Amino acid sequence: ETSTTHDLRPHHHSWTSSMLRFRTVFNGYSVEFSPFDETKLACASAQHYGIIGNGRQYVLDVLEREIVQLRSFDARDGLYDCSWSEENESHVVAASGDGSIKLWDTMAPPGGPPLKSFEEHTHEAYSVDWNLVRKDTFISGSWDDTLKLWNPRHPRSLRTFHEHQYCVYDAVWAPRIPDLFASVSGDYTLKIWDQNNNRSIQTIRAHDFEVLCVDWNKYNENEVATGSVDKTIRIWDLRHPERAISQLRGHNYAVRRLKYSPHSESKLASASYDMSLVVWERASEDPLQHRMDHHSEFVVGLDWNMFVEDQMASCSWDETLCVWNLRNMPPPGMGHRPPPAMAGMGMGPTGMPPGGHGMPPMAGVRHPAGGPGMMMPSRQPGGLGMMPPGPGGPPPPVPRRPN
């Protein structure tokens with residue numbers, strides 16, 4: 001496990017002077033670099049923190065001194081995730097709060113309708129990822145507890161995977177094996193699937209609380225990482241699933257997004273509701289290499305540029321998207337410190353500040369991501385109001401949404 005001792009010397013922010021920033025207007029949810037063009041970036045965003053309102057898909061160009069908007073496309077509901085096509089450099093898919101999956105042509109006139117809208121999920125679509133090997137399919141995950149396999153040339157999904165017992169929060173393809181993908185859910189599990197089978201081929205109880213994110217090591221087909229509202233990241237060897245091979249501690253609240261580096265087998269990054277982004281180097285004695293607190297709200301989007309080593313992007317509920325290079329940061333150990341304290345806030349039962357954004361629970365609408373203590377089914381991850389299990393006792397029951 002990582003050391004929990006942090007350097008408390010003054011934190012110098014000179015490295016942020018080289019950081020590029022873009023105002024998203026809506027609250028950022030997901031960011032992804034293009035697999036074809038090193039300067040292209042897609043960002044999915046949602047109005048009013050994704051609680052109610054519209055969504056906007058941005059297509060951006062990262063220049064030397066600024067980030068320029070190339071296109072934006074509006075949707076009737078919030079957009080929670082996006083993924084570039086692996087076979088057409090101008091296509092982007094996005095997961096929408098109305099359950100649909102939007103496919104946009106980024107070369108189309110700004111503000112136009114999507115090329116296609118796939119409408120089968122019965123609750124919010126929350127995750128979307130394009131197959132890195134086959135390149136002609138993508139997977140979506142939804143709060144209707146299902147995953148669906150799509151080919152953009154087909155009007156209907158190719159297959160539905162329904163085994164999770166609660167909302168699917170994230171799903172990613174294996175980077176080297178054409179048919180395998182992983183998914184995580186509010187039912188505490190990590191599942192491995194073969195796209196040709198309706199049933200999962202492996203199920204791991206990954207955490208004792210909701211699992212919000214997952215990623216596959218780009219260099220090791222047997223290694224998968226999961227992040228949870230228990231504030232930890234667990235590293236799994238799928239050949240030995242009995243227990244995690246490593247656990248990374250350093251976030252104060254739920255871990256919302258994970259991404260392995262495309263340039264290093266031992267490096268990964270995590271984004272959290274504690275408003276920080278952390279870069280981990282597992283080959284180091286102290287794996288917590290960098291803690292970045294350049295955002296002022298929940299950090300929910302994160303990616304690495306596969307063409308530019310150590311270049312990263314993040315987006316947040318603070319309506320900013322940031323791009324920077326780790327090479328401009330202080331040496332490891334010089335900058336990281338505990339996440340910012342949230343004055344007057346105690347720890348919520350799901351690893352989040354009580355009340356999320358201070359918004360009261362409102363029946364029938366989505367709640368801020370991770371808002372705990374709510375005695376109704378939340379429509380954001382980490383906000384199910386579950387109390388921690390007692391010592392040695394069974395896990396809390398997973399609440400169900402009303403139909």
Side-chain angles (χ1 to χ4, degrees), residues 2-3 6-23 28 30-43 60-68 84 175 215-220 225 227 233 235 248 250-251 255-272 274-296 299-316 318 320-340:
T2 62
S3 169
H6 302 283
D7 191 335
L8 297 180
R9 286 173 287 182
H11 188 52
H12 300 288
H13 285 275
S14 58
W15 67 273
T16 62
S17 62
S18 61
M19 176 180 284
L20 304 179
R21 297 174 186 266
F22 177 83
R23 177 76 183 274
S30 174
V31 62
E32 186 172 290
F33 283 101
S34 165
F36 293 97
D37 186 333
E38 68 180 58
T39 69
K40 290 279 180 19
L41 195 59
C43 176
L60 308 171
D61 198 6
V62 181
L63 305 179
E64 184 177 352
R65 295 171 183 256
E66 62 179 337
I67 301 173
V68 176
W84 287 95
D215 200 27
W216 218 299
N217 192 310
K218 309 298 186 289
Y219 295 87
N220 183 346
I233 298 160
I235 312 297
L248 304 176
H251 283 297
V255 180
R256 178 60 176 79
R257 187 83 67 175
L258 282 175
K259 289 287 179 77
Y260 274 99
S261 167
H263 299 107
S264 169
E265 180 176 353
S266 57
K267 185 181 292 185
L268 70 158
S270 57
S272 168
D274 65 16
M275 301 188 284
S276 77
L277 186 150
V278 171
V279 175
W280 309 87
E281 175 52 73
R282 293 176 52 226
S284 172
E285 182 177 348
D286 180 0
L288 200 162
Q289 293 286 286
H290 300 285
R291 183 190 302 283
M292 289 154 275
D293 54 5
H294 52 279
H295 286 294
S296 59
V299 188
V300 292
L302 161 68
D303 201 22
W304 301 83
N305 192 332
M306 65 179 291
F307 297 106
V308 182
E309 187 168 358
D310 286 337
Q311 187 180 63
M312 304 182 70
S314 64
C315 66
S316 164
D318 65 8
T320 61
L321 180 150
C322 302
V323 176
W324 71 97
N325 197 298
L326 288 179
R327 297 178 182 182
N328 297 324
M329 294 196 63
M334 290 298 291
H336 59 261
R337 59 184 173 88

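None of these values were measured; they are calculated from a predicted model.
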Considering only NZ, NE, NH1 and NH2 on the basic side and carboxylate oxygens on the acidic side, decide whether Lys259 and Asp215 come within less than 4.0 Å. no
Of all heavy-atom pairs between Trp84 and Pro35, which one has the smallest distance, and what is that distance? CB-CD, 3.4 Å
Nearest 0.5 Å, what's the CD-OG distance between Glu309 and Ser264? 8.5 Å
Only one of Thr39, Val68, Leu20 passes side chain to side chain contact (heavy atoms under 4.5 Å, CB included) with Leu63, and that residue is Val68
To the nearest 0.5 angstrom, please state how far the OG atom of Ser266 sits from the OH atom of Tyr260. 10.0 Å
Leu277 and Leu302: side-chain contact (heavy atoms from CB on, under 4.5 Å), yes or no, with the steps? CA-CA 8 Å; Leu277 186 150; Leu302 161 68; 3.4 Å; yes
Measure the shortest side-chain to side-chain distance between Leu60 and Val323 over non-hydrogen atoms and say whether it is less than 4.5 angstrom. no
In Å and rounded to the nearest 0.5 Å, what is the NE2 to OG distance from His294 to Ser316? 8.0 Å
Please round to the nearest 0.5 Å and tell me the distance separating atom SG of Cys315 and atom CD of Glu32. 11.5 Å
Taken to the nearest 0.5 Å, the spacing of Ser276 OG from His251 NE2 works out to 4.5 Å
Looking only at non-hydrogen atoms, find the nearest pair between Pro262 and Tyr219 and report the distance. O-OH, 2.6 Å
To the nearest 0.5 angstrom, please state how far the CZ atom of Arg256 sits from the CG atom of Asp274. 13.5 Å
